[in-house]
Protein chains: 2
Amino acid sequence: MTRDLRPHPDTRPAASAPWRPTRQRTAVLNALHGRTGFTSAQELHEALEADGVTIGLTTVYRTLHALDRSGRVDVVRDRTGERLYRHRPTDGHRHYIVCRACGLSAAVEAEAVERWADEVAETMGFAEVEHTVELSGVCDPCRTEHRRTAAEPPPPRSGRGDRRADS
Amino acid sequence: MTRDLRPHPDTRPAASAPWRPTRQRTAVLNALHGRTGFTSAQELHEALEADGVTIGLTTVYRTLHALDRSGRVDVVRDRTGERLYRHRPTDGHRHYIVCRACGLSAAVEAEAVERWADEVAETMGFAEVEHTVELSGVCDPCRTEHRRTAAEPPPPRSGRGDRRADS
DNA sequence: TACGGGGTGAAAATGATTACCATGTGCTAC
DNA sequence: GTAGCACATGGTAATCATTTTCACCCCGTA
């Protein structure tokens with residue numbers, strides 16, 4: 001029926017466990033810093049293996065989870081529901097707009113939304129409110145390119161997260 | 001790797017096809033109107049079968065898809081990524097806040113977010129911008145109940161979407 | 001050296017969603 | 001009413017990201 005939502009026992013103990021910077025964890029972290037856009041766990045795993053890093057997919061997922069919990073990465077979901085990760089460039093909660101065609105991601109100012117979420121929570125009498133805001137669209141370059149190559153969809157430029165328009 | 005994002009050929013033709021109100025489609029629609037909260041396709045299917053309606057899971061998914069495309073239902077994703085559907089009470093794009101404990105859902109005023117999204121789209125040079133806003137929390141009743149029954153998590157009151165605090 | 005607590009990862013399991021495809025059903029023209 | 005056709009249906013088999021399992025490794029410490 002519904003997937004069990006309780007934190008699964010596999011990752012839960014880490015809540016209080018010390019963070020040991022193992023070879024694999026460091027590799028994941030580095031890989032995340034290397035890429036500037038959003039990346040899926042699977043992509044990350046492939047990239048690591050391609051770079052000669054021996055690491056299990058399980059470990060990638062586990063590490064990404066841990067990073068998420070400790071707020072060191074941002075997570076979005078693409079339209080298929082797949083989770084995409086990205087190292088959090090600065091502190092604090094960030095939101096992004098992602099190009100559906102090329103994966104370009106750009107941080108956006110979301111103060112307004114944060115305030116709105118808090119407000120809603122209060123007026124509705126909800127506690128422990130979490131919010132997810134996902135913005136997607138087609139960036140300018142992709143749009144113009146698309147106009148040129150009428151028929152085919154714009155070729156994904158260089159993987160999902162290899163470009164950026166941050167800062 | 002990444003799931004194929006193209007609209008799959010199985011449902012695509014319906015884009016221009018007429019909407020035939022078949023027994024199954026009517027049943028799905030009725031079931032959606034009967035429930036006031038968000039419901040997963042699987043839950044809906046179970047409920048229908050329980051009500052004596054013979055219908056394939058495939059058809060439920062297909063119908064929900066069609067309703068989504070035509071804007072007759074709202075869709076959110078729970079934290080596992082599962083899609084939850086709900087009939088759209090009025091016209092226009094609506095946003096909700098959903099209780100993680102009991103499934104209670106309430107429509108919230110989201111003008112602010114809409115405006116913000118449009119603004120962001122424009123300043124970032126993105127077109128065809130879509131936004132997803134998901135708010136979840138713990139509603140007041142669940143909170144008090146939880147305080148009383150210390151240990152166990154608050155018992156899901158009556159299925160994911162059987163309560164509401166709309167209007 | 002034995003022990004113990006993370007960590008790791010291959011393989012199997014899970015579970016929502018889709019694809020396939022043979023069959024059904026309701027119009028419409030004749 | 002019946003043939004033809006386009007849309008619909010639904011069982012079953014994939015897909016596919018993510019989890020779980022569990023045996024094993026690594027490393028600091030007693």
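We name chains A, B, ... by the order of the sequence lines, and we start the count at 1 in each one.
- With hydrogens and angles ignored, no donor-acceptor pair closer than 3.5 Å exists between the side chain of A/R20 and the base of D/dG28.
- Proximity of a side-chain donor or acceptor of B/R77 to a complementary backbone N or O of B/E134 within less than 3.5 Å is not detected.
- Remark: B/R86 does not engage B/D74 in a salt bridge, criterion side-chain N to carboxylate O under 4.0 Å.
- A donor-acceptor contact under 3.5 Å links the side chain of A/T58 to the base of C/dA10.
- In this structure, A/R25 reaches the C/dT8 phosphate: one of its side-chain N or O atoms is under 4.0 Å from OP1 or OP2.
- Not a single donor-acceptor contact under 3.5 angstrom links the side-chain atoms of A/R23 to the base of C/dG7.
- If you chain together ILVMFWY residues whose side-chain heavy atoms come under 4.5 Å of each other, A/Y61 ends up grouped with A/L57.
- Distance, A/E82 CD to C/dT18 C1': 16 Å, rounded to whole Å.
- Within the nucleic acid shown, A/T22 comes within 4.0 Å of sugar-phosphate atoms alone, with no base atom in reach, counting heavy atoms only.
- Proximity note for A/T59 (side chain, C-beta onward) versus D/dT9, C/dT8, C/dT18: the nearest is C/dT8.
- A sub-4.0 Å separation between OP1 or OP2 of C/dT17 and a side-chain N or O of B/R77 is absent.
- Put simply, CG on B/L64 is 10 Å from P on C/dT18, counting in whole angstrom units.
- Spacing between atom CD of B/E49 and atom P of D/dG11 amounts to 8 Å, rounded to whole angstrom units.
- Between D/dC16 and A/Q42, no contact under 4.0 Å exists linking OP1 or OP2 to a side-chain N or O.
- When the side-chain nitrogen and oxygen atoms of B/H65 are compared with OP1 and OP2 of C/dT18, one or more of them lie within a distance under 4.0 Å.
- Across the protein-nucleic acid pair, B/L57 atom CG and C/dT17 atom P stand 9 Å apart, rounded to whole Å.
- Going from atom CZ of A/R62 over to atom C1' of C/dG6 covers 11 Å, rounded to whole Å.
- For A/R115 and B/W116, the positive end is not near the middle of the six-membered ring at less than 6.0 Å and at most 45° from its axis.
- In this entry the distance linking CZ of B/R83 with C1' of D/dC16 reads 13 Å, nearest Å.
- For A/Q24, the side chain to side chain contact (heavy atoms under 4.5 Å, CB included) partners two or more places apart in sequence, or in a different chain, are A/T22, A/I55, A/T59.
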